[in-house]
Each structure stands twice: as structure tokens, then as C-alpha cells.
Asker: 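Sharing a structure with you now.
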Amino acid sequence: MDVVIVESPAKAKTINKYLGKGFKVLASYGHVRDLPSKDGSVQPDHDFSMAWDVDAKSQKRLNEIATAVKGSDKLILATDPDREGEAISWHVLEVLKKKKVLDGVDVQRVVFNAITKKSVLEAMEKPRALDKELIDAYLARRALDYLVGFTLSPVLWRKLPGARSAGRVQSVALRLICDRELEIEAFRSQEYWTIEADLKTTAGTAFVSRIVTLDGKKLDKFDIPNKETADEIVARMARSHYRVTSVEAKPARRNPNPPFTTSTLQQEASRKLGFSASRTMQIAQRLYEGVEIDGETTGLITYMRTDGVQIADEALAQARTVINNEFGETYLPDTPRIYKTKAKNAQEAHEAIRPTDLSRLPKHAARMLDEDQRKLYELVWNRTVASQMESVRLERTTIEIEADEERIGLRATGSVILFDGFLRLYQEGRDEPDDDADDGRLPKMEKGDKLGLDKVRPDQHFTEPPPRFSEATLVKRMEELGIGRPSTYASTLQTLRDRNYVIMDQKRLKPEDKGRLVTAFLENFFTRYVEYDFTAQLEEKLDRVSAGELDWKDVLREFWQQFSVATEQAKELRITEVLDRLNEVLGPHVFPAKEDGSDPRICPTCGTGQLSLKVGKFGAFVGCSNYPECRFTRQLTIPADGEEATGDRVLGIDPETKAEISLKSGRFGPYVERAPLEEGDKPKRSGLPAKMAASDVDLDAALRLLTLPREVGLHPETGKKITAGLGRFGPFILHDGTYANLKDPEELFDIGINRAVDVLAEKIARAEERAGKILKELGEHPDSGKPVQLREGKYGPYVKHGTTNATIPKATDPMSVTLQEALALVAEKDAKSGKKKPAKKPAAKKPAAKKPAAKKAAPKKAAAKKPAAAVDAEAAPKKKAATQKPAAKKPAAKKPASKKPATKAKNKTASAAD
């Protein structure tokens, strides 16, 4: 028996079918070991030794692999053909060596670029040893990422509370985004004019020309700076006569783009399909792992993490056959197009991303794919086939025109496509509009022809700031600078969003204040390590490690020697030093100049204090120097509506409670507040919806917000409350622990029970769809009353109860699982994840059945109001459940009335009742 190791169970299942008897294919489920998230995982003082950690799940899988390998003939490591795949194979091998199960076992490494039977069987015929250089490059990158992250991040936490993390590549990517924002803020628009003339030939055919010279001098962009200058030129043109001075027609060719690499796929999917980099890679992974075709799972595209642009000879032959059959011989070049990788050291060293079978047209594959998969497959297929099609043939024509009397020169340009070539199938998207695009076809003209003037059109323009980066343009820029590698771009961008360093604003990356603070800190105190050139040079060294040209530990020693000194120096900084420097650097951003010329740092509340950056437990904010006498605070930046928060602003009096209603500004943004009704009470507060400006808030709007959370009604099926509220992620409704988002905040105030039930049903339906098809209803959970089900999952059948998903052991036939076995699996999973045991169903009915419980109903209602005032939708049900159980027993009911310890006793009683 030969044991084959791959990453995913889906891949294992497919390859097992290809190889048949005599092979056992097992999945490692990705990486089996990693550096633990604690100090000492990489030890520079001990020659950069690394302490690898295996989590419980990976340990279980490694044990299964070890059991299978023991006594087998061969161990075939068939993980992905890139650096990460090589690393996974190395980790598995190292663990098996420690377990001493490799005696007499022949260890081989095989790689295949596509999950098809032909590719896999061919790979099995060409085994090799593990690539030591590729493993060394992985170790170097992993150690560097750890050393930067776990050395720099604690410095950030201490000196800049609220900052989440820093990283070798992520911090430089963040700097790119922040630097672009600084360019936009520093930009000052400049006026300029262009002048076009509508001319016509003697035959009466109209065309457009543009002024290019004036009085024998070439006009630059800003040479017509205002309306007065433009009007003067227009007047001169109006009294001129025009003639053609030259006609030049040149043939031109446009060649197709090469097939996709990882980065170009991410860019084009962003432009054409609107997919994020991470979304693109998720879909590409599914296409790579394949779908079932004629009873056999087959990969639809080749491996999707690659720098290579070349494609295999068999794919070239297939492409030429498809072009000839689908488009005709005229679209087929004489010889195949051969592309070469521009990257200095393409670390993946395998093919471009292409369909595994080009004869499988997008229209044929569509029935096997969901909509997003279909779109991406079609994009890959079109690009691959177009890369082998004939060039576009054009004719570009330039006509020079002169206004004789006024020495004014004009130019008309046009291009005509003589043969559309690859454009018949595919045209690459653009990140920005092309201002230099040619006009269409021009009429026939000869040198010396006289022309008539129809109209002169002066147009006013203003220069625009550089656009913010989209995901596509940022990936492109990072690749140009040599920062990071294509396989890491998606995860880098996702990390920046997860850390709340950037947000997506109209599909563009906009830095948040937190991100700008981190970048400013790193630029001022760790300058070298966020420089573009330094990061690119380090990437180049790591590539040289993978090429066997440098020793990986030498690279680490050189880096650590300087980085450790910079870190120690930063640790000595006082927070006041950091804030003083950031106040200076971020001053124009945090305290923008006012239109009236007044000091933007004067406190708007007390009028004498100076505003400056402060740091608190939850991060940075702006505060007054007269604290604690003046308690003015605001977020770092003034809201987009231009209105600066001015401390407390009284909006009016609540007509019902007679309490004062105010608009206030806190470090997390503006909010409304109703003053406490009695001494010792807490004020009622509510944040503002995301798109509501502070300047738009009046008394009526504040009173509406302070009604939240509000009760919509009782669910017709469960009889439980549905509430509407405003949370961190926007407006929502809540029922029995299920949250469903609302698109419009206005719905919070007028949503009725029917609409709420529909929204909840849609949310549950989406969750059900994600959970997979129900294979078997096993029964109800004896404690919660919720159904226990056997469901179909991505990695095989599993047991579902509420939010708990429990894996079924491999040796167990899923369809034979009983309710009792399922309950045991659920209990085991809950215990591992730290979930509480479900409350028993009968417990909720006890108070209604006995008179003593009914007498306690009034106190329960009073308790339910408190969480509503605190805008905590979940608190009320929890309190209610805690008071119900002791009510059934007189001794237990007495205890909660006294002190906090009694409350604990009451909770223990409730737990015991469960």
C-alpha cells in the first residue's frame, strides 16, 4: 500500500479515484504545524531555532497519517506545487520522522499543476526529492514575519493603544494607501482649458480637431489657463481659414495580453467582475479542485498561485484547435505565441492559470457551476484563448491643419480597426478612463484641402487628485515595487480590513484614522522598515534563497541585527514623545485649517484650551489641554459634513419625561443622550446610523433614536419577542438569538411584524443553505428542544444542533448515527469550544404552571426594562431565565434578595436544574 498526502479532503477523494487500489490518499487539511503566538517561537540567540506547535485537530490527522504510513511501501507527498505546498510536505515529513514510522518507507515528492487524471498519473511517474531551497525560503519568510509581527506589535500596543498589529508586508501596503491619501489631501485643483473645432471637408463630412500650437509654439496643458485667454483664441479661430498641411496614415498592430498570473487574475476579476482579491482566490480554488463530470471529479483550471505566463505545449495545441473551430483560420497566427515571465525570480515556476481542457467551452461548463464560478471560468478561458489569437491590425491617421491668418495649428487623430483579431473575444479592462483614446474613422483628405469651420468649442477643466487605490491598482502597484508576492496579496488586503486600518469606499481603499496613526508611528520611529526599496530588496534576497544563491540564516542575521536595535530604541520612547511627534506629523489631517483663518486647535467648548492627540484604553482621540475642567473629546477627524463637534449641544426637552436631550461627541463618534430621570440612574444613549450626519440631528431625530431598541411584536410561530435595534454593524432585528440586518435605518422605526418575520425567514434560509442539505432528522435535543440533524457538508456529513457542528468519526457510517450518538458528539464539541450546556425545555414552562411563579411576574418586567435602556438586546432574556427557575422553590427565591454572592448561588441552582 502506498500512502499519498494532499492538502484538502476534496482533493484526496478525487485523487483516490484516479489512483485506484493500492493507494490510500489522506488530507493534511493545510498546514499541520505553525509557530505558536507567543514569545520565543523564533529564537535569534539560538541560531534562529523555531519551536513548531501542532494543534489538537492537526495532531489527530497526523496520527491517522502516521498509522497509515507505518508498514506502507511508499509515502508520496503530493501537496501543491508552490513554496507553501513544499512547506506542508516538509512539516508532515518532519512529524513522521519524530514518530519513527518511516523505517523501510520510500519517501517521494510529486507535483501536478492540474487536478485531472492525466496530470496526476503523469506526476506519479516523475517523483523527486523535497526542494531544500524552497523550504529554506519558506522558513526565512515565516521567521521574518514572526519576528516583525511579534516584536513590533507589542511596541505598538504600549506606545499607541488601540493599534492592532504591524507586519513586514502589511505595514508597507498600508503606507501605500496612506501616502496616496496624503497626496489627495495636499492636492490643489488647477484650472485649464482645451479648444476643439468642428471642421468639415469640401464634401461636407464633419470631424473634430483640437488646437495644438499657437503662434508657432506648442501648447502645453496649462497654456490656456482661464476663460479670457480661451475667448481670445476662439475669436481668432472664428475669423480664420483652414487647410490641411499633412496627412499621415500608419499601420499598427496590437498584440494580446499573456494568460493570467495570480496578480493579473486578481486585477482583472476586480475590474470586470467586482470581486475582491480574497473572493477571486476562493472561487479559483474551487475551480482548481474541480467538479464532477461524467461521474469523475475533474479540476477545471490549473493551479492558481503562480508568477508564470507560459502554458504547456498540449494546451497551446488545444487553444489553436479551438480558435480554428470557433473563430476560423484567419484568427489563428502562423505559430503559437510563447510568453516569458518578467519577474526576476518567479518562485512558483509553473504554468499560467488556464483551463485544464480548452475544448470545455464556458457555455458547456456553465451548467456545472454557480454564477460566480461561471464568470471566473469564462474570464480565464477567454484570456487564455485570446492570448493565442491573431493580433489586431489598425490604421492610425494623423491630420495636421493650419489656420493661415492666425498661425494656429490643429490636429485630428483617428484609428480604424482593419482586423479585430483577439478583440473578437477579449479586451483587458482599465483601472482609469483613457484620456488619450483616438477618435474614430476620419474622412478622406489630402494635403492642401481647404476646410470649413462649423463651430469652435472651448471647454473648461480642472485637474483632479490621484484616485484612491482599488484592490486591483494596489496589487498592481505592489507588484511593480516588488512588495510581497502574488500568493500573499489577498491575505494582506484582508488583514488590513480585519484590523480596521482601511475601509472600502466606493470600491476604493480608504485609510481609517487608526491606520494613519500606525503608519505615522512606523514612518517616524521605524522608518527603514516601511520604506518601499528596503522591503523590495528584502523580497529579492528571499527569492535568492529559493534559488539557492543565499543562505536563509544569513539573511535573518543581517535583518535582525539592525531591527532589534531599532526596537529597543523604540521601547525607550515615552508616550508623550510619540504623541508630540504624531501631533506634528498628523496636524494637517487632524486639525485642518478653518475658512475664517482662526486657530484650528482652539477647544470649541472652553475657548482657551489647545486640542491635541490623546491616547486612551481604546485608542487615540482628540482632547482638550484643560482636562479635567474641560472634558471636550472627539474623533481624530472632523466628520465629512464639515461640522466639528462642539462638546455637548442641547437639542431640547423630552415632552414625556421632561429630561434634557443632548447631542454629544465621543471618541467613537457622535451620539444622542437623554439625561437620567433620577439620581443614580444611567443616561439613555444611542449612536447615529452610519449615514446620518451630526448636523442633521434635531430633537425629533434624537427622540426617535432613543426609542431603540423597540419591540416589533411577538413572532407568530414561537410567541417570542422580535426587537429592532441599532448596533455596531448597523440596523438589525433580533428574535430568539437570531440577528438579521436591515438595509435602511428608517426601517427600524416602522418595520411591522410581517416584514420582520420575512427578514428573519430569509436570514434563516440563507443560513440553512450554507449549512448544507439535511440528510436525516435525528430528533429533538432533550434540553433545548431544538432539532438535531445529519447534514451534508463540504468535508462530508456532520451533526448539527443550533450553532454547533460536530464532525462524525471516519470509521462511523453517517447514515447509521442515532440520536444518542449525535447528542454525545454535540456535547463533546460544546465542551471543547467552551459552550454552555443548553437550558432544559421544561424550565421555561415551570413559572407559568405554578402560582408562586405567576406572582413574581411583576418584578420580571421591571428587570427587563434595564437592558433595553442600556441598548442591550440580549441582556433581557438572560435575566429573565435566571429569575424564573429559583421562583419555583421558596428557599431559592429568598437568596437573590440579599447580596451578590446570593446571585451566584442562584445561578448555581439554575445550572444544577439544567
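One is the number of the first residue; the rest follow in order along the sequence.
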Asker: Which residues pass the side-chain hydrogen bond (donor to acceptor under 3.5 Å, both in side chains) test with T488, not counting sequence neighbours?
Answerer: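 Partners of T488 by the side-chain hydrogen bond (donor to acceptor under 3.5 Å, both in side chains) criterion come out as none, since no residue qualifies.
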Asker: Is R383 paired with E428 through a side-chain N to carboxylate O contact shorter than 4.0 Å?
Answerer: yes
Asker: Side chains of V392 and R253: closer than 4.5 Å at any heavy-atom pair?
Answerer: no
Asker: Judged by atom type as modelled, is there a donor-acceptor pair below 3.5 Å linking the side chain of E539 to the main-chain atoms of G484?
Answerer: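 Checked: pair present.
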Asker: Show the nearest heavy-atom pair for residues I184 and P466, with the distance to one decimal.
Answerer: CG1-O, 3.2 Å
Asker: Please evaluate residues D599 and K594 with respect to the criterion salt bridge (Lys or Arg N to Asp or Glu O under 4.0 Å), reporting the C-alpha separation (whole Å), side-chain torsions for both, the decisive distance (0.1 Å), and the verdict.
Answerer: CA-CA 7 Å; D599 186 353; K594 293 188 174 182; over 6 Å; no
Asker: Is the NZ or CZ atom of K514 positioned over Y501's six-membered ring, under 6.0 angstrom from the centre and within 45° of the axis?
Answerer: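 Not flagged: K514 not positioned over aromatic ring of Y501.
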Asker: Not counting sequence neighbours, which residues clear salt bridge (charged side-chain N to carboxylate O under 4.0 Å, His left out) with D372? List them please.
Answerer: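 Salt bridge (charged side-chain N to carboxylate O under 4.0 Å, His left out) list for D372, sorted by chain: R279.
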Asker: My understanding is that only residues two or more places apart in sequence, or in another chain, count here; which of them pass salt bridge (charged side-chain N to carboxylate O under 4.0 Å, His left out) with D513?
Answerer: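 Salt bridge (charged side-chain N to carboxylate O under 4.0 Å, His left out) check on D513 returns nothing, list empty.
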Asker: Charged N to carboxylate O below 4.0 Å: is that the case for R141 and E84?
Answerer: no
Asker: Give the C-alpha distance, both sets of side-chain angles, the deciding distance and a yes or no for side-chain hydrogen bond (donor to acceptor under 3.5 Å, both in side chains) between E479 and S263.
Answerer: CA-CA 8 Å; E479 191 173 35; S263 63; 2.7 Å; yes
Asker: With F222, which of F462, W193, Y192 fulfils ring pair (Phe, Tyr, Trp, His ring centres under 6.0 Å)?
Answerer: Y192
Asker: For the ring pair F632 and F621, is the centre-to-centre distance below 6.0 Å?
Answerer: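 Between F621 and F632, which both carry aromatic rings, the centre distance is not below 6.0 Å.
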Asker: What residues form a salt bridge (charged side-chain N to carboxylate O under 4.0 Å, His left out) with D459, not counting sequence neighbours?
Answerer: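 Salt bridge (charged side-chain N to carboxylate O under 4.0 Å, His left out) list for D459, sorted by chain: empty.
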Asker: Report yes if some heavy atom in the side chain of D198 is under 4.5 Å from a heavy atom in the side chain of R457; otherwise report no.
Answerer: yes
Asker: Would you say that E480 contacts K476 through its side chain, given a criterion of any heavy-atom pair below 4.5 Å between the two side chains?
Answerer: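 Yes - at least one pair of side-chain heavy atoms lies under 4.5 Å apart.
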Asker: Go through L219 and T213 one step at a time and tell me if the side-chain contact (heavy atoms from CB on, under 4.5 Å) criterion holds.
Answerer: CA-CA 5 Å; L219 287 174; T213 63; 5.8 Å; no
Asker: So do the side chains of T397 and T413 get within less than 4.5 Å of each other, counting heavy atoms only?
Answerer: no
Asker: Could you walk me through whether D179 and L176 satisfy the side-chain contact (heavy atoms from CB on, under 4.5 Å) test, starting with their C-alpha distance in whole Å, then the side-chain angles of each, then the deciding distance to 0.1 Å, before giving a yes or no?
Answerer: CA-CA 5 Å; D179 281 357; L176 276 170; 5.9 Å; no
Asker: Restricting to non-hydrogen atoms, name the atom on F521 and the atom on L582 that form the minimum distance, rounded to 0.1 Å.
Answerer: N-CD2, 3.8 Å
Asker: For a quick test of reading the model, state the closest non-hydrogen atom pair linking A277 to L493 and the distance between them.
Answerer: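 Taking A277 first and L493 second, the nearest heavy atoms are CB-CD1, 4.1 Å.
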Asker: Which atom pair, heavy atoms only, marks the closest approach of L579 to K614?
Answerer: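 Smallest interatomic distance, heavy atoms only, reads CD1-CA, 4.4 Å.
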Asker: Any side-chain to backbone donor/acceptor pair from T151 onto V148? Under 3.5 Å, distance only.
Answerer: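 Absent.
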Asker: Decide, yes or no, whether a salt bridge links D145 with R168 under the criterion of side-chain N to carboxylate O below 4.0 Å.
Answerer: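 Between R168 and D145 there is a salt bridge, with a charged N closer than 4.0 Å to a carboxylate O.
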Asker: Taking it one step at a time, do Y426 and E268 satisfy side-chain hydrogen bond (donor to acceptor under 3.5 Å, both in side chains)?
Answerer: CA-CA 12 Å; Y426 182 84; E268 195 72 339; 2.6 Å; yes
Asker: Less than 6.0 angstrom from the centroid, inside 45 degrees of the normal: does K507 satisfy that with respect to the ring of F469?
Answerer: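 No, a cation-pi geometry is absent between K507 and F469.
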Asker: Do any N or O atoms from the side chain of S387 and from the backbone of N257 form a donor-acceptor pair under 3.5 angstrom?
Answerer: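 Such a contact is absent between S387 side chain and N257 backbone.
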Asker: Under a 3.5 Å threshold, yes or no: a donor from one side chain and an acceptor from the other, between E191 and Q460?
Answerer: yes
Asker: Parallel, tilted or perpendicular: which describes the rings of F559 and F563, with under 30° parallel and over 60° perpendicular?
Answerer: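 F559 and F563: parallel rings.
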Asker: By salt bridge (charged side-chain N to carboxylate O under 4.0 Å, His left out), which residues pair with K541, not counting sequence neighbours?
Answerer: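 Result, salt bridge (charged side-chain N to carboxylate O under 4.0 Å, His left out) vs K541: E558.
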Asker: Test your reading of the model: is there a side-chain donor-acceptor pair from N583 to the backbone of S612, 3.5 Å cut-off?
Answerer: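 No: the side chain of N583 does not pair with the backbone of S612.
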Asker: In terms of side-chain geometry, is the basic nitrogen of D215 or R236 positioned less than 4.0 Å from the acidic oxygen of its partner?
Answerer: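 Counted as a salt bridge, because a side-chain N and a carboxylate O are separated by less than 4.0 Å.
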Asker: Under the side-chain contact (heavy atoms from CB on, under 4.5 Å) criterion, do L379 and K272 qualify, and how do the steps go?
Answerer: CA-CA 9 Å; L379 191 69; K272 289 194 166 174; 3.9 Å; yes
Asker: Could you tell me if T261 and D307 have a donor-acceptor pair between their side chains, going purely by distance under 3.5 Å?
Answerer: no
Asker: Is any side-chain heavy atom of S270 closer than 4.5 Å to one of F275?
Answerer: no
Asker: Does a salt bridge link E400 with R210, judged by any charged N lying under 4.0 Å from a carboxylate O?
Answerer: no
Asker: May I ask you to test the L423-R254 pair for a side-chain heavy-atom distance under 4.5 Å?
Answerer: yes
Asker: May I ask you to check whether T229 and N226 show a side-chain donor-acceptor distance below 3.5 Å?
Answerer: yes
Asker: If I compare all heavy atoms of A140 with all of L542, which pair ends up nearest, and what's the gap?
Answerer: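 Shortest heavy-atom contact: CB-CD2, 3.6 Å.
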Asker: Set out, in order, the CA-CA distance, both residues' side-chain angles and the distance that settles side-chain contact (heavy atoms from CB on, under 4.5 Å) for I301 and W381, then state yes or no.
Answerer: CA-CA 9 Å; I301 64 171; W381 191 92; over 6 Å; no
Asker: May I ask you to test the I408-M237 pair for a side-chain heavy-atom distance under 4.5 Å?
Answerer: yes
Asker: With a 3.5 Å distance limit and no angle check, can you tell me whether R337 reaches the backbone of M389 through a side-chain donor-acceptor pair?
Answerer: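 Side chain of R337 to backbone of M389: a pair is present.
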Asker: Looking at S153 and A166, would you say the former's side chain and the latter's main chain have a donor-acceptor pair under 3.5 Å?
Answerer: yes
Asker: Run the side-chain hydrogen bond (donor to acceptor under 3.5 Å, both in side chains) test against K227 and tell me which residues pass, sequence neighbours left out.
Answerer: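 D231.
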Asker: Give a yes or no on whether the backbone of V530 and the side-chain of R175 come within a donor-acceptor separation of less than 3.5 Å.
Answerer: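 Yes, R175 side chain to V530 backbone: donor-acceptor pair under 3.5 Å.
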Asker: Using distance alone, with no hydrogens and no angle criterion, decide if E523 and Y529 have a side-chain donor and acceptor under 3.5 Å apart.
Answerer: no
Asker: Do the side chain of T398 and the main chain of E248 share a donor and acceptor less than 3.5 angstrom apart?
Answerer: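 Not confirmed, T398 side chain does not pair with E248 backbone.
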Asker: Could you check whether any side-chain heavy atom of V416 comes within less than 4.5 Å of a side-chain heavy atom of L394, counting everything from C-beta outward?
Answerer: no
Asker: Strictly below 4.0 Å, N to O, side chains only: are K250 and E395 in salt-bridge contact?
Answerer: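 Salt bridge: no.
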Asker: Check this for me, if you would: do R374 and E371 make a salt bridge, where the nitrogen-to-carboxylate-oxygen distance has to be below 4.0 angstrom?
Answerer: yes
Asker: Taking CZ in R158 as the centre, count heavy atoms belonging to other residues, nucleotides or ligands within less than 6.0 Å. Is the count above 12?
Answerer: yes
Asker: Going by atom types alone, do D533 and Q537 pair a side-chain donor with an acceptor below 3.5 Å?
Answerer: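 Checked: D533/Q537 side chains show no N/O donor-acceptor pair below 3.5 Å.
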Asker: At their closest point, which heavy atom of L611 faces which heavy atom of P600, and how far apart are they?
Answerer: CD1-O, 4.2 Å
Asker: Charged N to carboxylate O under 4.0 angstrom, D420 versus R393?
Answerer: no
Asker: Salt bridge (Lys or Arg N to Asp or Glu O under 4.0 Å) for R516 and E185? Distances and angles first, verdict last.
Answerer: CA-CA 13 Å; R516 297 187 72 153; E185 289 170 354; 2.7 Å; yes
Asker: With no hydrogens and no angle check, just 3.5 Å: does a side-chain donor-acceptor pair link T492 and T495?
Answerer: no
